[in-house]
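Report on the structure given below.
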Amino acid sequence: MSSCCTPDGSCGTGAGETAVADSTATAYRVSGMSCGHCKSAITASVSALDGVLSVDVDVDGGLVTVTTAADPDDAAIAAAIDDAGYELTGRAA
């Protein structure tokens, strides 16, 4: 019988494990969103940027939260949102 526990008492098989990088989540206010299509369009456009780890779109709240591997490139994110047909109006407080 094999165990997944390591000699130091932690658990894991070691297979497929990757280091978790430091990340930065930044919320932006975006105008013009009203439906699921808006969410899909913004998610696809912003996700295509280098360094973007995840995108969460809150259509009702008018917020797009972008998690990046390093400091976010606000200009690139604004351009991606603009390309999707919406307007980034600034960072959320």
Side-chain angles (χ1 to χ4, degrees):
M1 166 165 50
S2 76
S3 171
C4 66
C5 294
T6 61
D8 69 358
S10 64
C11 292
T13 62
E17 291 181 15
T18 58
V20 176
D22 289 335
S23 62
T24 302
T26 307
Y28 298 94
R29 296 210 174 278
V30 176
S31 65
M33 300 186 299
S34 62
C35 65
H37 170 74
C38 302
K39 180 176 182 172
S40 297
I42 290 172
T43 299
S45 185
V46 176
S47 292
L49 297 173
D50 286 340
V52 172
L53 302 175
S54 68
V55 178
D56 181 53
V57 179
D58 176 2
V59 172
D60 294 332
L63 295 174
V64 174
T65 303
V66 181
T67 303
T68 53
D71 288 337
D73 182 343
D74 290 342
I77 292 168
I81 289 172
D82 185 64
D83 287 347
Y86 306 91
E87 181 183 1
L88 187 151
T89 59
R91 282 192 180 194

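Only this structure's heavy atoms are used, side chains among them; waters, hydrogens and symmetry mates stay out.
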Stepwise side chain to side chain contact (heavy atoms under 4.5 Å, CB included) check, Leu63 with Arg29: CA-CA 5 Å; Leu63 295 174; Arg29 296 210 174 278; 3.4 Å; yes
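Rounding to the nearest 0.5 angstrom, the gap separating the CG atom in Asp56 from the OG1 atom in Thr67 is 8.0 Å. Distance CG/Asp22 to OG1/Thr68: 11.0 Å, rounded to 0.5 Å.
Taking every heavy atom of both residues into account, Pro72 and Thr24 meet most closely at CD-CG2, 4.2 Å. In terms of heavy-atom proximity, Ser45 sits nearest to Ile81 at OG-N, 4.5 Å. Tyr86 and Ala41 get closest at one heavy-atom pair: CE1-CB, 4.2 Å. Shown here for Cys38 and Gly32, the closest heavy-atom pair between the two residues is SG-O, 4.2 Å. Nearest heavy-atom pair across Leu49 and Ala80 is CD1-CB, 3.9 Å. A pairwise comparison of heavy atoms in Val30 and Thr89 identifies N-OG1, 4.3 Å as the closest pair.
The side-chain contact (heavy atoms from CB on, under 4.5 Å) test with Tyr28 is passed by exactly one of Asp74, Ile42, Val46: Asp74.
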